[in-house]
Amino acid sequence: MPDLLSVRDLKIEATSYPPGEPPKTVTLVEGVSFDVQKGKVIGLIGESGAGKSTIGLTALAYGRGGVRITGGEVKLNGQDLLKLSPSGIRQVRGAKVCYVAQSAAAAFNPAHRLGDQVIEATLKHGIMSRAEAEKRAIYLFRVLGLPNPETFGERYPHQVSGGQLQRAMTAMALCPNPELIVFDEPTTALDVTTQIDVLAAIKHAIEETNTAAIYITHDLAVVAQITDDILVLRHGKMVEYGSVRQIIEAPTQDYTRALVNVRGSRRDEAPDQSDTLLKIDNVTAGYGGFKVLHDISLHLPKGQTLAVVGESGSGKSTLARVVTGLLPPMQGSVSFGGKTLPPALKGRSRDELRRIQMIYQMADTAMNPRQTVRDIVGRPLSFYFGTHGREKTERVKELLDQIEMGERFLDRYPAELSGGQKQRVAIARALAAKPELILCDEPTSALDPLVAEGILKLLLKLQEDTQVSYMFITHDIAIGLAIADSVAVMHRGRLVRFGPKSKVLSPPFDDYTDLLLKSVPEMEIGWLEKVLKTRRMESAGN
C-alpha cells in the first residue's frame with residue numbers, strides 16, 4: 001500500500017535570543033523520517049521538548065512562533081506540502097489534514113453552539129452543503145459515543161463534560177472527511193476513566209472512517225492502545241522507530257526501555273501513627289449554597305503521604321481549598337497539629353499559613369514570568385522569616401541543591417526552564433517556608449513519565465530528609481500506588497474508601513474503586529479492547 005504521508009530527513013530550526021548575546025540559530029528537530037499509510041496510526045512519543053508537537057504540525061506545513069522548517073520533505077499523496085504556496089496550504093489545512101489539540105476547552109468558542117463549530121471548516125472549504133455537513137456531524141457524534149447525537153450539537157461548550165468536549169473536537173476534525181488527523185495529547189488532561197472512553201471513541205472513529213493519524217503523547221501505555229507504529233523521540237532526534245509490538249515487547253534502545261519500565265515501582269507504606277498532623281472532621285463545603293463535599297472525615301499522620309484520588313469533579317481540589325482556608329466549610333472543622341484551624345484564610349496567623357504550603361498542577365501559571373528563580377524561591381524567606389541579602393541568597397542556593405538543580409539556575413526566568421525544572425522550583429518555593437504539610441495538586445499530570453517519576457522520587461527523598469507530610473491530589477490511582485502511605489478515594493464529593501494503601505487497594509472493592517483501578521492504562525497491546533470487553537460483559541450482566 002502506498003504511503004499517504006511520507007516525511008524524510010526533516011529539519012526544523014528556531015532563533016534564540018540569549019540576554020546580552022547576539023541571536024543564534026537553534027536546531028529543534030533533525031534527521032527525522034517516517035511514513036503513515038491510509039487507515040493507519042503512528043505514535044510520536046518522547047519527553048517534553050522532544051519535538052513531538054513540532055513534528056506533528058509539519059503535516060499541516062506549520063511552524064509555531066518563529067519556528068522554521070529548513071530541510072527535508074513532507075509529502076501528502078506525493079505532494080510536498082513544504083513547497084506549496086500560502087493559498088495551497090490553506091486548501092490543505094482543515095480539509096485534507098486536520099488537528100485535534102490537547103485542550104478542547106481552549107479550542108471551542110464559548111459563544112457558539114458545538115454543532116456550528118464542528119461543521120465550520122467543512123462549510124468554509126465547500127466540501128459539503130450545510131445539510132450534508134449536519135448529517136455527517138450527527139453520524140460522527142454517534143460513532144464517538146456522544147449522548148443524544150441528534151441534538152448534541154445544540155449545546156454550548158460549557159454544557160458538556162471535558163471528555164465529551166474532547167470527542168466533539170475529534171468530530172470537528174473528522175467532519176470534512178480528511179486524509180490525515182494530527183492528535184496532539186488529546187487525553188493528557190483527562191482523568192483515567194474518561195480517558196478510556198475518549199481513546200475507545202477515537203480508535204473506533206479512525207477504523208470507521210479509514211482515516212490516517214499521527215498520535216502525539218508522552219504516555220507509552222496510552223499510545224500502545226491506539227497505534228500501529230511508534231516513533232520514539234528525544235532532543236529532536238529519532239531514538240527508535242518500529243511497530244507497536246516491537247517497541248513495547250523488544251525495544252532496542254536504553255531510553256525506550258526506560259519508558260517501557262517507568263511504571264514499575266511502588267512505595268512501601270509506613271505504618272499508621274498516633275501522631276496525627278492533619279485531621280478533617282465531617283466537612284461539608286461548596287460554592288454559593290451548592291454542596292461539593294459531603295461529610296468528609298480523614299486524617300494524615302506526621303511525615304506520611306495521603307493520596308486523594310478520583311475523577312475530575314469528585315471534589316479533590318475543593319478539599320485542598322478547605323484545608324488551606326481558601327474555602328471555609330459549611331460544616332465541620334480542620335485540625336492541624338492538634339489545634340482547630342480558623343476556617344477562613346484571613347483568620348489564620350502567619351505561622352499557620354507557613355506550616356501549610358501548596359504545589360500547583362501548572363507551574364507555568366503559578367510563577368511570575370518576570371521574576372527569576374532567585375526571586376521566586378526567595379519570596380517565602382522574606383515573608384515568613386525576614387531573611388534578606390547574602391543570607392537569603394545562600395538559603396536559596398541550599399534549596400536549589402535540595403531539588404537537585406544547583407545555583408546555576410539562580411538567575412534564570414521560568415521561560416528558560418523545562419516543565420520538570422519549573423515544577424522543581426515550585427517545590428523549592430514550598431520548602432522555603434519550612435512547612436509541615438504540602439498539598440500537591442496534580443503536580444505531575446502535565447509532565448512526561450520519566451520527568452514525573454523524577455519528581456515523585458524527589459518528593460519522597462525530601463520527605464525522608466525533613467519529615468514533611470504530603471496530601472497528594474491526583475486522578476491517576478497509579479500515582480497513589482507509587483507515593484502514598486494511605487489513600488482516600490472520592491466520588492461526587494463523597495469519601496467512598498479511606499485507609500492504609502494496602503487495605504484500600506486490596507479486594508473486595510466498591511464499584512467505583514474497581515473502575516478506577518481497571519482504568520489505569522497498562523503497557524500491554526490489546527489492553528484497551530480487553531477493558532472494553534469486560535465493561536460490556538459487566539453491563540450485560542446488570
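Numbers for residues simply follow the sequence, beginning at 1. Note that the structure is a prediction, hence the values are computed from the model and not measured.
In this structure the side chain of Leu165 reaches within 4.5 angstrom of the side chain of Leu114, judged on heavy atoms. At least one side-chain heavy atom of Lys434 sits under 4.5 Å from a side-chain heavy atom of Phe385. Considering only heavy atoms from C-beta on, Asn282 stays 4.5 Å or farther from Gln331 through its side chain. Taking the side chain as every heavy atom from C-beta outward, Leu319 and Leu293 approach each other to under 4.5 Å. Between Leu199 and Lys203 there is no side-chain heavy-atom pair separated by less than 4.5 Å. Residues Pro380 and Gln357 fail the side-chain proximity criterion, which asks for heavy atoms closer than 4.5 Å. The shortest side-chain heavy-atom distance between Pro414 and Ile376 falls under the 4.5 Å cut-off. You'll find the side chain of Ile296 reaches within 4.5 Å of the side chain of Leu495, heavy atoms only.
At distances below 3.5 Å, at least one donor-acceptor pair connects side-chain atoms of Ser314 with backbone N or O atoms of Glu311. Using modelled atom types, one side-chain atom of Lys501 and one backbone atom of Ala484 make a donor-acceptor pair closer than 3.5 Å. Side chain of Gln423 to backbone of Gly420: no donor-acceptor contact under 3.5 angstrom is found. No side-chain donor-acceptor contact under 3.5 Å links Ser486 to the backbone of Gly499. Between the side chain of Gln402 and the main chain of Ala428, no donor-acceptor pair closer than 3.5 Å is present. Between the Thr227 side chain and the Val223 main chain, a donor and an acceptor come within less than 3.5 Å of each other. Proximity of a side-chain donor or acceptor of Tyr255 to a complementary backbone N or O of Arg234 within less than 3.5 Å is not detected. In this structure, Gln463 contributes its side chain and Gln304 its backbone to a donor-acceptor pair below 3.5 Å. In this structure, Gln253 contributes its side chain and Val239 its backbone to no donor-acceptor pair below 3.5 Å. In terms of modelled atom types and a separation under 3.5 Å, the side chain of Arg497 and the main chain of Val504 share a donor-acceptor contact.
Contact record, Lys316 with Val308: CD-O, 3.5 Å, taken as the closest heavy-atom pair. Annotation for Arg348 and Ile356: closest pair NH1-CD1, 4.4 Å, computed over non-hydrogen atoms. Looking at every heavy atom in both residues, Asp441 comes nearest to Ser317 through OD2-OG, 3.2 Å. What you find for Asp219 and Ala221 is that their closest heavy atoms are OD1-N, 3.0 Å. Of all heavy-atom pairs spanning Gly332 and Pro329, the tightest one is O-CG, 3.9 Å. The heavy-atom pair separating Ala430 from Met358 by the smallest distance is CB-O, 4.4 Å.
Distance check, rounded to the nearest 0.5 Å: CZ of Arg167 to OG1 of Thr194 gives 8.0 Å. Annotation: the span from Gln467 atom CD to Lys302 atom NZ amounts to 7.0 Å, rounded to 0.5 Å. Taken to the nearest 0.5 Å, the CE atom of Met405 stands 12.0 Å off from the CG atom of Leu399. Atom CZ of Arg408 and atom NZ of Lys397 lie 14.0 Å apart (nearest 0.5 Å). To the nearest 0.5 Å, atom CG of residue Leu277 and atom CG of residue Leu300 are 6.0 Å apart. With rounding to the nearest 0.5 Å, the separation of CD in Gln166 from CD1 in Ile202 is 7.0 Å.
A salt bridge does not link Glu464 with Lys461: none of the charged nitrogens is closer than 4.0 Å to a carboxylate oxygen.
Taking a 6.0 Å sphere around CZ of Arg492, one finds it holds 12 or fewer heavy atoms contributed by other residues, nucleotides or ligands. Around CG of Asp511, the count of heavy atoms belonging to other residues, nucleotides or ligands within 6.0 Å does not exceed 12. By the neighbour-count criterion of 12 heavy atoms within 6.0 Å, atom CZ of Arg354 is densely surrounded, having more than that number from other residues, nucleotides or ligands.
Ring orientation note: the planes of His299 and Phe498 are nearly perpendicular, at an angle over 60° on the 30°/60° scale.
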Under the side-chain contact (heavy atoms from CB on, under 4.5 Å) criterion, do Thr372 and Leu410 qualify, and how do the steps go?
CA-CA 7 Å; Thr372 64; Leu410 270 174; over 6 Å; no

Go through His218 and Glu47 one step at a time and tell me if the side-chain contact (heavy atoms from CB on, under 4.5 Å) criterion holds.
CA-CA 6 Å; His218 60 238; Glu47 61 194 39; over 6 Å; no

What do the steps show when you test Val425 against Val377 for side-chain contact (heavy atoms from CB on, under 4.5 Å), and what is the final call?
CA-CA 7 Å; Val425 171; Val377 178; 3.9 Å; yes

Passes side-chain contact (heavy atoms from CB on, under 4.5 Å), Val244 versus Ile230? Steps please.
CA-CA 6 Å; Val244 63; Ile230 294 176; 3.7 Å; yes

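Between Lys291 and Thr284, the side chains place no donor N or O within less than 3.5 Å of an acceptor N or O (distance only, hydrogens not considered).
Cation-pi geometry between Arg350 and Phe383 is satisfied (NZ or CZ under 6.0 Å from the ring centre, within 45° of the ring normal).
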